[in-house]
Visitor: 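First the structure, which I've put down as structure tokens, then a few questions once you've had a look.
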Amino acid sequence: MLYKYDNAIVDDLKRSFNPENVPNPVVSVVSPDQIIGLAAQLQNDSIKLPIIALTRNQEQIDSSRTNFTAMHRGVATVIDNETNELYHEKVIPITLSYNLTIITSNTADMDEMIRELMFKYINMYFLTIKLPYESNRKIRFGVSLSKDSEIDRTSGVSEYLSKGKLYQSILTLNCEGAVLVSYTPVKLKRLEYEIDPISK
């Protein structure tokens, strides 16, 4: 389900840079799934700059937010009215971060893109994903600029097909409240109790 977080960030960036949904936006936003095709398009000189490419870093369990019951047994959250099954939701909190790579053909575009993205993510920016599983619920999570990491310009200026130059910078984004979710069905049972009258 991690792709849901990827898609939410990419879709939001597309709306930010192309609010009118015009067919050929000024800024191209590329999801992690489209990065492989991006290299081929650059080689063929068939892509329009500037580009923002999102790549997910390695995720891990967030031990500071773990809950034994929520991870192992789960918490009853959803009931299916047709099958009369109750679903226990198991939750594993994870740390999730992304590299936001900006590629431009000149330094002026690069500086403006970095400025826009820094102001967008300097404070916690909230997004929502809809879970693709048995529950019909949504999870809200926050995205913010990593204040510990610098803007990575180490790749600086890279040669572009020995003719021109591309400028590349990388910003790191951190997600707050990201979780992995699983559901276990539990059949509901009807129980009847008889209470003995209390004699006085």
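Model, not experiment: these values are computed from the prediction.
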Visitor: Are any non-hydrogen side-chain atoms of N7 and I129 less than 4.5 angstrom apart?
Guide: no

Visitor: We want to know whether S97 and N57 form a side-chain donor-acceptor pair, criterion being a heavy-atom distance below 3.5 angstrom.
Guide: yes

Visitor: Which atoms form the tightest heavy-atom contact between T128 and R140, and what is the distance?
Guide: OG1-NH1, 3.2 Å

Visitor: Give a yes or no answer on whether the side chain of R65 reaches the backbone of I94 with a donor-acceptor pair at less than 3.5 Å.
Guide: yes

Visitor: Dump the intermediate steps for side chain to side chain contact (heavy atoms under 4.5 Å, CB included) on Y121 and L173, then the final yes or no.
Guide: CA-CA 8 Å; Y121 293 116; L173 301 179; 3.8 Å; yes

Visitor: Y98 and N174: side-chain donor and acceptor closer than 3.5 Å?
Guide: no

Visitor: For the residue pair L13 and L100, establish whether any side-chain heavy-atom pair is separated by less than 4.5 Å.
Guide: yes

Visitor: Would you say that T66 contacts F68 through its side chain, given a criterion of any heavy-atom pair below 4.5 Å between the two side chains?
Guide: no

Visitor: How far does OG of S169 sit from CG of L117, to the nearest 0.5 angstrom?
Guide: 10.5 Å

Visitor: Output the distance between atom CG (D6) and atom SG (C175), rounded to the nearest 0.5 Å.
Guide: 8.5 Å

Visitor: Under 4.5 Å between side-chain heavy atoms, counting indirect links through other Ile/Leu/Val/Met/Phe/Trp/Tyr residues: same cluster for M124 and I9 or not?
Guide: no

Visitor: So does L2 have more than 12 non-hydrogen atoms from other groups sitting under 6.0 Å from CG?
Guide: yes

Visitor: Do T95 and E59 have side chains that get closer than 4.5 Å, going by heavy atoms?
Guide: no

Visitor: Could you check whether D62 and S64, counting side-chain N and O atoms only, form a donor-acceptor pair closer than 3.5 Å?
Guide: yes

Visitor: Distance under 6.0 Å and angle within 45° of the ring axis: does K90 meet both against Y183?
Guide: no

Visitor: Could you check whether any side-chain heavy atom of V91 comes within less than 4.5 Å of a side-chain heavy atom of L180, counting everything from C-beta outward?
Guide: no

Visitor: Do M110 and I151 have side chains that get closer than 4.5 Å, going by heavy atoms?
Guide: no

Visitor: In this structure, would V179 and F126 fall into the same cluster of hydrophobic residues linked by side-chain contacts under 4.5 Å?
Guide: no

Visitor: Look up atom CG in L49 and atom OG1 in T104, then write down how far apart they are to the nearest 0.5 Å.
Guide: 7.5 Å

Visitor: Measuring only between side-chain heavy atoms, which start at C-beta, is T172 closer than 4.5 Å to D148?
Guide: no

Visitor: State, yes or no, whether a side-chain contact exists between S16 and K120 at a heavy-atom distance under 4.5 Å.
Guide: yes

Visitor: Would you check, one step at a time, whether the test side chain to side chain contact (heavy atoms under 4.5 Å, CB included) holds for I61 with I92?
Guide: CA-CA 7 Å; I61 295 175; I92 301 175; 3.9 Å; yes

Visitor: Just verifying a value: how many Å separate F17 CZ and S28 OG, rounded to the nearest 0.5 Å?
Guide: 11.0 Å

Visitor: Has K147 got a side-chain atom pairing as donor or acceptor with I122's backbone, closer than 3.5 angstrom?
Guide: yes

Visitor: As an exercise, state the distance from CD of E176 to CG of L96, rounded to the nearest 0.5 Å.
Guide: 10.5 Å

Visitor: Could you measure the distance from the NZ atom of K4 to the CD1 atom of I139? Nearest 0.5 Å is fine.
Guide: 11.0 Å

Visitor: Step by step, would you call R137 with E89 a side chain to side chain contact (heavy atoms under 4.5 Å, CB included)?
Guide: CA-CA 11 Å; R137 76 181 197 93; E89 182 181 80; 2.8 Å; yes

Visitor: If we ignore angles and hydrogens, is there a donor and acceptor under 3.5 Å between the side chains of D109 and Y167?
Guide: no

Visitor: Would you say the rings of F141 and Y5 are close, in the sense that their centroids are separated by under 6.0 Å?
Guide: yes

